[in-house]
Amino acid sequence: MRWTQTYIPTLREQSSEAELISHQLLLRGGFIRKLAAGIYIYLPLMQRVIEKFSRIVREEMNKSGAIEITMPVLHPAEVWQESGRYDTVGKEQMRLKDRHLHEMVLGGTHEEIVTYLLRGELKSYRQLPLNLYQIQVKFRDEIRPRFGLMRGREFIMKDAYTFDTDEDSFMVAYQKMVDAYFAIFKRAGLDTKKVESDTGAMGGKAAHEFMLIVDTEGGEEVIMFCDKCDYAANIEKATFREINPPEVDNEVLEKKEVDTPNASTIEEVTAFLKVDATRLVKTLIYLADGKPAAAMIRGDRNLNLTKLKNQLNAIEIESAPPAVVEDVTQCPVGYAGPIELPKDMPIIVDNEVSKMKNFIVGGNKKETHIINVNLDRDFRATAVADIIDAPEGEMCPHCDGRLVAKQGIEVGNTFMLGTKYSESMGAKFLDAEGNEKPFIMGSYGIGITRTPQAAVERYHDEKGIVWPKNIAPYLVEIIPLNYEKDEHKKAAEQIYAELVNNNIDCLLDDRPERAGVKFNDADLIGIPLRIIIGDRALKQGKVELKARGGDEVVMADLGDVLTAVKGLLERIN
RNA sequence: CGGGGUGUGGCGCAGUCUGGCAGCGCACUUGCUUUGGGAGCAAGGAGUCGGAGGUUCAAAUCCUCUCACCCCGACCA
């Protein structure tokens, strides 16, 4: 492709709409433009990246035995009402009415649709197993779209759905997808980690996420790794074992109210009472589906909302507004404690707290705390469970290694759905004995538009993008420093024709721009290999080859460029 | 939804407090010069100042309402 014949609107200045480096580079490099919050136009370069990545995804999915279909973006609401998710997915689901006033939704995922499809058609175990996938636009009306393609409202996703007769068969299908995912990301130049994750609104038994680890702030999720074994889980899910629990008193002491003037935060209370935060227990008030609930965790820990939500079996959970806190504690915010809370209010106590003795809690009274409090003697727990974020440095749940935190970007996920959808929607088959059984299902996603941005977040330098070659929009960029000059033009055209004839994707910068502009744009858009045509080398009948990722310049004879290009491309990631 | 902020040529911004000719840089067009890391000079095109209403002799600027977008939080199949 010639630069002057395509559309690559690079920008010299930064755009104010982008926070993340990858988002900024995609905008400046002329890959994307925003139409509305979280809704983007893919320009020619992005279109090519999407095509390249999609092709890899298709090839590997097909290789694994999955079959491609395409399902609609617009769905009748009834199908979602059947599975019950119409009431649980929340406002992310975009809803609208058609001209007949029928309730419709925009698909944010397709479990319901694929189950609807197969329940009428797949009736025998002989037709199983089956894996259907599609590469399709999804729409999720995110509360707060941000980070460009990373959290858009409209995006492209590869989603696959497996149908199996039993657990064993399902595990084979699941493992095939996991293998395919590693193959896909590897081909795209991305080293990913498979981590355990919460199943969220998807439901089902277990789930994994495929994470690209990044050093930048582009990481959207914290992942806990074991430094010894291969345990890895995202922070929502990660568990741990405590290495050195603080010492516990032998005797249970008498509880006592103490005045704590102007001390409502953990820092203030620890400073005032001159104790360690590990002696304090925070009582946090949340609204679980609108009803108040208390969570008790050690003073130095972070509450894990996902874990708490799962404990409470809630669909929606949010921190209680001050008015609610004041109502249940009968005192100003900052002094909540477990004693004398309303009787019907659930109190979830963290594992660690259940092992503590004589700890300090809020007094449910202004500027008052209570010391030497003990579980069971002084208050009751509705449940004792792990409800905190696994802290870095604590022990791995599976071995004696230590947990390490890293930032990651989720590029794929796999869910073990079990029979959640097949049962609720009556999707059943007859087994060999003639018994009716629901399908065992799995669902598997890959972000087709977010993965390339994740790649940019991972592979860039101060001048621009450094695309992994298999998802780069072009493999080679030919830069004649002065295209108006006959010798430059002639050499450029000759090389261009030769590469094109050999099916090497190649971009010819035929603009009447100065060298500096071309170099800077080339750095920005990140084509893996660059051929520079200028007087210096041309005098000796040569051109210069340079990889985007390195400094090394290779000289090649004009007649020998194809071989040199092929050789260099072999060596590039 | 709560808190904070921004809307002025394609992009980035100044001007708003204290009402008085709509400006700057980049980009764009034309010409000449230049040509190995974002050229110089000259000329030029382009803006209902987010929208509606109001105050005023006069509104980008003040008042009311409204829309959009961004940041923090909750959320994220």
Side-chain angles (χ1 to χ4, degrees), chain A residues 9-20 23-24 27-28 30 33-39 80 83-86 88-93 105 107-113 138-148 150-153 155 157 159 161 197-204 207 209 220-221 234 236 286-287 303 305-306 309 315-323 410 413-415 417 420-421 443-445 447 450 463-464 479-485 488 511-524 530 532-539 543-544 546 553:
Chain A
T10 57
L11 302 171
R12 188 179 297 197
E13 291 175 70
Q14 295 220 332
S15 166
S16 63
E17 82 187 38
E19 189 91 332
L20 223 55
H23 184 194
Q24 189 71 247
L27 280 171
R28 285 220 296 129
R33 288 292 184 266
K34 189 177 73 179
L35 176 65
I39 303 181
W80 285 80
S83 74
R85 275 211 290 187
Y86 193 72
T88 59
V89 285
K91 294 190 186 118
E92 278 73 45
Q93 185 168 61
V105 309
T109 181
H110 284 75
E111 282 78 14
E112 277 78 0
I113 308 306
K138 299 270 182 284
F139 196 95
R140 295 179 190 170
D141 198 3
E142 295 286 345
I143 294 174
R144 191 178 157 210
R146 60 186 129 173
F147 305 146
M150 215 91 104
R151 172 139 324 147
R153 294 196 289 172
F155 54 97
M157 186 168 156
D159 46 325
Y161 305 91
S197 65
D198 187 67
T199 53
M202 216 29 154
E209 287 174 348
E220 43 154 23
E221 254 175 59
N234 79 17
E236 291 185 344
Y286 280 82
L287 283 180
L303 181 80
L305 260 188
T306 304
K309 182 167 145 185
I315 296 168
E316 298 275 351
I317 192 152
E318 58 188 330
S319 49
E410 181 186 348
N413 53 36
T414 54
F415 290 89
L417 299 176
K420 174 175 161 130
Y421 297 92
S443 132
Y444 316 84
R450 99 178 336 222
K463 305 228 58 166
I479 307 179
L481 292 182
N482 193 340
Y483 189 71
E484 286 74 62
K485 235 177 184 172
H488 290 206
R511 294 176 299 171
E513 288 288 354
R514 297 168 62 84
V517 173
K518 293 190 178 188
F519 282 135
N520 280 301
D521 275 347
D523 289 338
L524 182 59
R530 182 178 307 179
I532 300 144
I533 298 166
D535 291 332
R536 262 184 348 217
L538 219 47
K539 265 186 267 174
V543 293
E544 297 164 35
K546 186 166 167 288
V553 174

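We name chains A, B, ... by the order of the sequence lines, and we start the count at 1 in each one.
Among B:G36, B:C11, B:G38, the nucleotide with an atom closest to any side-chain atom of A:Glu13 is B:C11. Distances were taken from every side-chain heavy atom of A:Arg536 (C-beta onward) to each of B:G38, B:G36, B:C70; the shortest belongs to B:G36. Taking every side-chain heavy atom of A:Arg140 into account, B:A77 is the closest of B:C28, B:A77, B:A74. In the set B:G73, B:A77, B:C76, the nucleotide with an atom closest to the side chain of A:Glu92 is B:A77.
Across all strands shown, B:U6 pairs with B:A68; the Watson-Crick or G-U wobble distances both stay below 3.5 Å. Nucleotide B:U29: paired with B:A43 (Watson-Crick or G-U wobble, both distances less than 3.5 Å). The pairing partner recorded for B:C21 is none, the criterion being a Watson-Crick or G-U wobble arrangement whose two distances lie under 3.5 angstrom. In this structure, B:C1 forms a base pair with B:G73, meeting either the Watson-Crick or the G-U wobble geometry with both donor-acceptor distances under 3.5 Å. Across all strands shown, the partner of B:C62 is B:G54, judged by Watson-Crick or G-U wobble contacts whose two distances both fall under 3.5 Å. For B:A14, there is no paired nucleotide, since no Watson-Crick or G-U wobble pair has both relevant distances below 3.5 Å.
Atom P of B:G50 sits at a distance of 15 Å from the matching atom of B:C13, rounded to the whole Å. Spacing between B:C49 and B:C62 at atom P, rounded to whole Å, works out to 15 Å. Comparing the C1' positions of B:C76 and B:U8 gives a spacing of 36 Å, expressed to the nearest Å. Comparing the C1' positions of B:G23 and B:G9 gives a spacing of 11 Å, expressed to the nearest Å. Taking atom P in both B:A77 and B:G4, one finds a spacing of 29 Å when rounded to whole Å. A gap of 13 Å separates the C1' atoms of B:A59 and B:A22, to the nearest Å. Separation of the C1' atoms belonging to B:U34 and B:G25 is 22 Å when rounded to the nearest angstrom. Of the C1' atoms belonging to B:G37 and B:C21, the separation is 42 Å, rounded to the nearest Å.
For A:Glu111 and A:Arg85, the salt-bridge test passes: some basic side-chain N is under 4.0 Å from an acidic carboxylate O. Ionic pairing of A:Lys309 and A:Asp198 is not present here: no N-O contact between side-chain nitrogen and carboxylate oxygen is shorter than 4.0 angstrom.
Between the side chain of A:Asp535 and the base of B:G36, no donor-acceptor pair of N or O atoms lies under 3.5 Å. Contact annotation: side chain of A:Arg151 to base of B:C76, donor-acceptor pair present below 3.5 Å. Donor-acceptor pairing under 3.5 Å, judged by distance alone, is present between the side chain of A:Glu544 and the base of B:G36.
Side chain of A:Gln24 to backbone of A:Ala18: a donor-acceptor contact under 3.5 angstrom is found. Put simply, the side chain of A:Arg153 never gets that close to the backbone of A:Phe139: no donor and acceptor are under 3.5 Å apart. For A:Arg140 (side chain) and A:Gln93 (main-chain N/O), no donor-acceptor pair under 3.5 Å exists by modelled atom type. A distance-only check finds a donor-acceptor pair linking the side chain of A:Arg33 to the backbone of A:Leu27 [under 3.5 Å]. A donor-acceptor pair under 3.5 Å is formed between the side chain of A:Lys518 and the backbone N or O of A:Arg511.
Atom CD of A:Glu111 is separated from atom P of B:A77 by 11 Å (rounded to the nearest Å). One atom, CD of A:Gln24, and another, P of B:C71, lie 12 Å apart when rounded to the nearest Å. Regarding A:Glu19, its CD atom lies at a distance of 17 Å from the P atom of B:G5, rounded to whole Å. Remark: P of B:C76 and CD1 of A:Ile317 are 11 Å apart, rounded to the nearest angstrom. Atom NZ of A:Lys34 and atom C1' of B:G7 are 12 Å apart (whole Å). Distance A:Asp159 CG to B:A77 C1': 11 Å, rounded to the nearest Å. Taking atom CZ of A:Arg511 as the reference point, atom P of B:G38 lies 14 Å away to the nearest angstrom. Atom-to-atom, CG of A:Leu27 to C1' of B:G12 comes out at 13 Å; the value is rounded to the nearest Å.
Nucleic acid contact for A:Leu11: none, since no nucleic acid atom lies under 4.0 Å from a heavy atom of the residue. At the heavy-atom level, A:Ala537 lies under 4.0 Å from base atoms of the strands shown. The residue A:Glu484 sits apart from the nucleic acid: no heavy atom pair falls under 4.0 Å.
Interatomic distance, A:Ile479 CD1 to A:Asp521 CG, rounded to the nearest 0.5 Å: 9.0 Å. Atom CD of A:Glu13 and atom CG of A:Leu11 lie 8.5 Å apart (nearest 0.5 Å).
In this structure A:Glu220 satisfies the side-chain contact (heavy atoms from CB on, under 4.5 Å) test together with A:Arg151, A:Ile409, A:Glu410, A:Arg450, sequence neighbours excluded.
Remark: A:Lys546 is not in phosphate contact with B:G37, judged by side-chain N or O atoms under 4.0 Å from OP1 or OP2.
Summary of the strand contacts: A:Arg28 and A:Ala37 both lie near RNA chain B, and taking for each the nucleotide with the nearest heavy atom, the more 5' one is attributed to A:Arg28. Residues A:Ala36 and A:Lys463 each lie close to RNA chain B; by heavy-atom proximity, the contact nearer the 5' end of the strand is made by A:Lys463.
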Report, one pair per line, the protein and nucleotides 39-46 of chain B atoms (nitrogen or oxygen only) whose separation is under 3.5 Å.
| from | atom 1 | to | atom 2 | distance (Å) |
| --- | --- | --- | --- | --- |
| B:A39 | OP2 | A:Arg514 | NE | 3.1 |
| B:A39 | O4' | A:Arg514 | NE | 3.4 |
| B:A39 | N9 | A:Arg514 | NH1 | 3.3 |

